[in-house]
Every structure is written in structure tokens, then in C-alpha cells.
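The structure under discussion appears below in the form of C-alpha cells.
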Amino acid sequence: MSRTFERGSPIFEDERPLTDDWDPEELPERDEELGQIHNALAPAIRNTGVGPHNMFLFGKTGQGKTAGVEYKLEDLVAAADDAGLNITTSQYNCAGDSSSYHVLINLVERLTGENLNGHPMSKITDAFFDAVTDIGGTVIIVLDEIDNIGTSDEILYSIPRAKSNGNIPDDMHLSVIGISNNFKFRDNLSPKVKDTLFDEEIHFAPYDANQLRSILERRADQAFKEGVLEGDVIPLCAAHAAQDKGSARQALRYLYKAGELASNTGSDVVTEEHVRTAQERIDRKNIEKGIREMTMQDQLSLTAVVALEVEGQNPAKTTEIYARYKDIATEIKADIRTQRSVRDHLLELDLMGVVNATKKQTGNRGGPHYVFELGSDLGMTLDILSEDSRLGDAIDLVTTNRSIQEYLD
DNA sequence: GATCCACTGGAAGATAAGGAAT
DNA sequence: ATTCCTTATCTTCCAGTGGATC
């Protein structure tokens with residue numbers, strides 16, 4: 001069958017609201033956080049000698065951190081125009097920069113058009129402060145995905161201290177807004193940075209299913225043609241995403257993909273079935289990517305959890321998983337780490353969402369302990385793990401055990 | 001209610017690998 | 001080629017936790 005490309009779509013009115021770079025014009029689900037951002041920025045407009053506070057936004061991806069900041073900054077700049085104040089904002093995404101040095105070079109290039117790559121750090125810092133001084137008034141630098149700079153965090157120290165160090169004149173204000181989805185990053189920052197920067201720490205908690213639902217409904221209104229979404233389509237996307245990471249981005253992906261599936265198969269409505277297929281495909285891609293990027297020890301720990309899952313032994317305690325881990329590592333001749341280390345790997349897997357860790361305070365022996373179970377689809381995870389040349393053998397063993405088990409039953 | 005137990009979570013130090021400097 | 005530095009990853013050690021047990 002030969003298909004021709006057609007204009008228009010029976011499903012979509014406008015696909016842009018479903019994409020990542022869409023700026024929502026309202027964020028009612030983040031009222032509280034926006035309020036905190038507002039309070040931190042407010043001194044800029046009061047213009048009573050103090051600049052906007054430095055702040056740090058934490059929260060997993062797809063929680064509206066970046067959108068929230070953009071939203072409030074737009075407000076601020078508009079209010080500043082009305083009040084005749086000079087406020088400049090510069091948003092910069094640090095993805096791809098591995099150090100303060102890179103970030104500064106790019107900031108300078110953005111402000112002055114000059115690329116100083118290769119020059120010593122001190123010269124670049126000077127150039128940066130000169131550029132900021134030229135702009136004057138109040139300057140707010142937003143550093144998105146700031147965790148990419150790792151432990152070289154001097155930029156987070158020097159910007160907030162610029163005035164007291166005499167890098168910029170007394171009559172102007174320079175502040176920084178850091179955004180990060182990595183909680184470890186906060187802990188690893190040097191104490192002096194924490195000191196200066198953490199007055200305003202704003203935490204974005206994951207959205208729940210209801211919040212995701214209203215976010216999706218607003219976007220769907222603009223994106224889809226009237227009445228093409230079957231009743232449960234949005235609740236399904238919302239519920240699935242809420243269960244996983246509580247990310248609006250993820251929920252939107254499900255919805256968009258479901259719409260595309262409907263569109264591509266010539267259907268004129270989006271059904272629950274489309275949503276299920278979309279979820280399956282997206283989840284699989286995510287798990288696949290996650291597992292591929294794991295270290296060997298992460299994968300081994302995961303394999304141990306999978307083995308216990310296959311045998312119906314989950315949720316299992318750390319010690320039980322560790323015993324199985326040792327068997328598997330011995331089997332494929334991998335290094336065996338201590339239980340302390342494997343525990344960290346298991347918790348790491350929990351952060352990634354492949355495994356669910358639950359902390360219990362009760363137990364036959366009391367005291368705090370974790371129980372783990374697989375957080376992603378068993379069949380999918382088995383599939384992906386068996387594609388690995390070394391782990392494949394271990395997985396074979398696990399599944400063979402299962403068939404013996406079933407035979408015995 | 002004192003003690004035990006199985007486990008957690010944090011710290012300090014060891015080790016290996018990679019990069020930069022000499 | 002060798003040494004030094006950095007960074008990530010592990011190990012070792014241990015105080016803390018709180019139900020279970022006596």
C-alpha cells in the first residue's frame with residue numbers, strides 16, 4: 001500500500017502543546033512553589049537596596065521547575081518595565097558543560113559574543129563580571145541542570161559573593177538561580193557554597209495523578225480536535241505517570257504517542273488501547289536506556305532482584321538479595337562487592353525507578369530495613385538483560401531454574 | 001526494662017583509572 | 001616514562017534504631 005503525505009489531521013489541532021519546549025501560560029499545580037519563587041524575587045522590584053535572593057530549585061525531571069522559573073521571571077521583567085527598573089535575566093542550560101569553567105566561558109560568550117576558551121580561569125571570571133557590570137541594574141543568572149558541573153562548583157560561590165568581593169559595583173545586584181534534578185548534587189556541594197546559596201531552597205515534589213490530569217486536560221484542549229479523546233485516555237496517562245515518576249513530561253509523552261498511534265493507524269479517535277501501546281513502547285525504551293547505561297555492579301544487583309522476582313520471592317530483604325547477587329556474580333565471574341556496597345547499588349536502582357525500595361521499621365528482628373522488588377515490567381527487564389552478553393548467561397540460568405521450578409510444581 | 005539482633009547510614013580511608021604535569 | 005592529582009567506587013568500621021526476646 002502506498003501512502004501519500006497528507007496535510008492536517010483528524011486527531012491533532014496543534015501538536016505544539018504536547019512537546020517539551022511548550023511554555024505553559026499557567027501552572028496552578030505549582031502555586032505554592034511559584035509563591036516561594038515570587039517571594040525570593042520580590043526584593044528586586046521593591047528596590048530598597050537588596051537584590052533578588054539566590055535560590056536553588058530541586059526536584060525530579062518534569063516537575064515544572066524550569067517552566068516555573070521562566071514564568072515568574074517573565075512576570076518580574078514585565079513588572080520591572082512598568083516600574084522603570086533595569087532587570088536583566090539570562091537563562092543558561094548547563095547540559096554538556098562538565099565544569100564551572102565551561103559554564104563561565106559560555107555565559108561570557110552569550111553576554112559579549114566573545115569566546116575565551118583556553119584563557120585562564122581568572123581572566124574569564126573578570127570578563128564575566130565586566131560583562132555583567134556593563135549591563136548594570138539587576139542581573140539574574142539562571143543555571144539549569146547545574147548538577148552537570150559536578151564538584152567544580154566555584155561558579156556557585158563566586159557569583160553570590162561578587163559584590164562583597166568587589167567584582168561588581170555596589171549599586172547593582174547579581175544573583176543566581178540554580179536548578180537541579182539530582183539530589184546528590186546538593187549534598188556534594190562544598191560547605192561554603194551551601195552557606196551562601198541555600199537560603200532559598202525550593203523543593204518540587206512529584207505531581208500526583210490528579211494534578212497530572214488537570215495539566216494534561218489543559219494541554220489536550222489546545223492540542224486535540226474536539227471529542228477525539230475517549231473518556232479514560234487522560235486519566236490513564238496521568239495515573240501511569242503518577243505511579244512511575246510523577247513527571248508531567250512523561251505523562252505528556254504517553255498522551256502524544258497515543259495520539260500519534262491513532263493518527264498513524266487512520267483512527268479518528270484516541271482509545272485506551274492506543275494509550276496502553278504507547279505506554280508500553282515508551283516504558284520499554286526508558287528501561288532499555290536505563291539498563292544500558294548502568295554499571296556492571298548495578299546490572300548485577302538488578303539481576304539478583306529479577307531472579308528473586310522470577311521465583312516469587314519478592315519483596316526481599318537486602319541480605320536475601322545479596323546472597324543471590326553473590327551466586328550470580330560467581331557464576332559469571334564478576335567481582336563480588338560487599339553487602340554495604342550492593343545496598344547502595346540497590347538504592348541507586350530505586351532512584352532510577354527500575355526497582356522499588358521500601359523502608360520498613362518493623363520486622364521479625366526489628367530495626368530499620370529495606371525490602372526490594374522489581375519496579376519495571378518483569379518480561380521487559382528479562383528481555384533487555386538477556387541481550388547483554390555476560391548477564392545473558394545469568395538470566396538463562398534464572399529462567400531455566402524457573403522452568404525446573406514449574407516442572408516440580 | 002535490659003539486652004539482643006539484623007539492619008541502616010555515615011564517615012574515613014583504600015584502590016583503581018584517567019588526565020595533566022613534569 | 002614517571003609522578004602527581006582528581007574522581008569515582010569500594011571497603012571497613014561503627015554508632016544508631018527499634019521490635020523481639022528474655
Side-chain angles (χ1 to χ4, degrees), chain A residues 58 94-105 116-125 145-158 180-195 198 201 203 289-305 308 313-352 354-375 388 390-391 394:
Chain A
F58 285 100
C94 307
D97 294 331
S98 58
S99 65
S100 284
Y101 185 76
H102 285 139
V103 173
L104 265 179
I105 283 175
L116 294 176
N117 209 346
H119 292 79
M121 185 71 170
S122 58
K123 191 166 177 185
I124 294 162
T125 327
E145 300 187 44
I146 183 73
D147 43 292
N148 282 294
I149 65 166
T151 47
S152 62
D153 53 11
E154 48 286 41
I155 188 173
L156 292 176
Y157 179 67
S158 53
S180 168
N181 48 36
N182 182 348
F183 292 93
K184 268 192 202 163
F185 176 70
R186 173 183 49 185
D187 302 336
N188 290 342
L189 284 172
S190 57
K192 59 179 188 180
V193 169
K194 282 186 193 169
D195 247 26
F198 282 72
E201 190 181 321
H203 181 83
K289 184 162 175 278
I291 291 180
R292 293 249 162 74
E293 284 169 3
M294 277 178 197
T295 62
M296 189 66 198
Q297 289 299 326
D298 282 331
Q299 292 177 340
L300 274 172
S301 310
L302 176 61
T303 311
V305 177
L308 290 168
Q313 309 268 341
N314 281 346
K317 293 202 283 184
T318 313
T319 322
E320 295 162 340
I321 294 172
Y322 184 60
R324 183 54 52 97
Y325 158 88
K326 277 197 288 191
D327 290 348
I328 295 170
T330 314
E331 185 62 36
I332 67 168
K333 300 188 174 53
D335 295 344
I336 297 178
R337 303 281 172 247
T338 57
Q339 181 164 343
R340 179 72 184 81
S341 179
V342 171
R343 194 167 80 223
D344 279 343
H345 283 292
L346 287 168
L347 291 172
E348 180 70 23
L349 293 174
D350 173 53
L351 276 181
M352 290 187 230
V354 207
V355 159
N356 290 331
T358 318
K359 196 173 187 186
K360 301 259 184 185
Q361 291 295 345
T362 60
N364 51 351
R365 279 296 172 203
H369 66 277
Y370 285 107
V371 291
F372 298 92
E373 61 191 324
L374 199 61
D388 183 285
R390 282 180 86 187
L391 286 167

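Remember, it's a predicted structure, so these values are computed and weren't measured experimentally. Protein chains get the first letters and strands the later ones, always in sequence-line order, with residue 1 at the start of each.
Here dT11(C) presents its C1' atom at 11 Å from OH of Y322(A), a figure rounded to the nearest Å. To the nearest angstrom, P of dC10(C) lies 12 Å from CG of L346(A). The distance between atom CZ of R343(A) and atom P of dT11(C), rounded to the nearest whole Å, is 13 Å. The separation between I321(A) atom CD1 and dT8(B) atom C1' is 15 Å, rounded to whole Å. Straight-line distance from the CD atom of Q339(A) to the P atom of dT8(B): 7 Å, rounded to whole Å. Rounded to whole Å, the distance from CG on L347(A) to C1' on dT9(C) is 16 Å. D350(A) has its CG atom 11 Å from the P atom of dG9(B), to the nearest Å. Rounded to a whole Å, the CG atom of D344(A) is 14 Å from the P atom of dT12(C).
Shortest non-hydrogen contact noted between L300(A) and D335(A) is CD1-O, 4.4 Å. The two residues I291(A) and Q299(A) come nearest to each other via the heavy atoms O-NE2, 2.9 Å.
At least one side-chain heavy atom of I332(A) sits less than 4.5 Å from a side-chain heavy atom of M296(A). Residues T318(A) and Y325(A) form no side-chain contact, since every pair of their non-hydrogen atoms from C-beta on lies 4.5 Å or further apart. Side-chain contact between M352(A) and D298(A) is present, with heavy atoms from C-beta onward closer than 4.5 Å.
Phosphate proximity of dT9(C) to T295(A): absent, as no side-chain N or O sits under 4.0 Å from OP1 or OP2. Between K359(A) and dC7(B), a side-chain N or O to OP1/OP2 separation shorter than 4.0 Å is absent. Between S341(A) and dT11(C) there is a side-chain polar atom (N or O) within less than 4.0 angstrom of OP1 or OP2. Within the structure, every side-chain polar atom (N or O) of H345(A) is placed at least 4.0 Å from both OP1 and OP2 of dT9(C). Phosphate proximity of dT8(B) to T318(A): present, with a side-chain N or O under 4.0 Å from OP1 or OP2.
If you check every strand for non-hydrogen atoms under 4.0 Å, R337(A) touches sugar and phosphate atoms only.
Considering only side-chain atoms of T319(A), the nucleotide from dC7(B), dT8(B), dT12(C) that sits closest is dC7(B).
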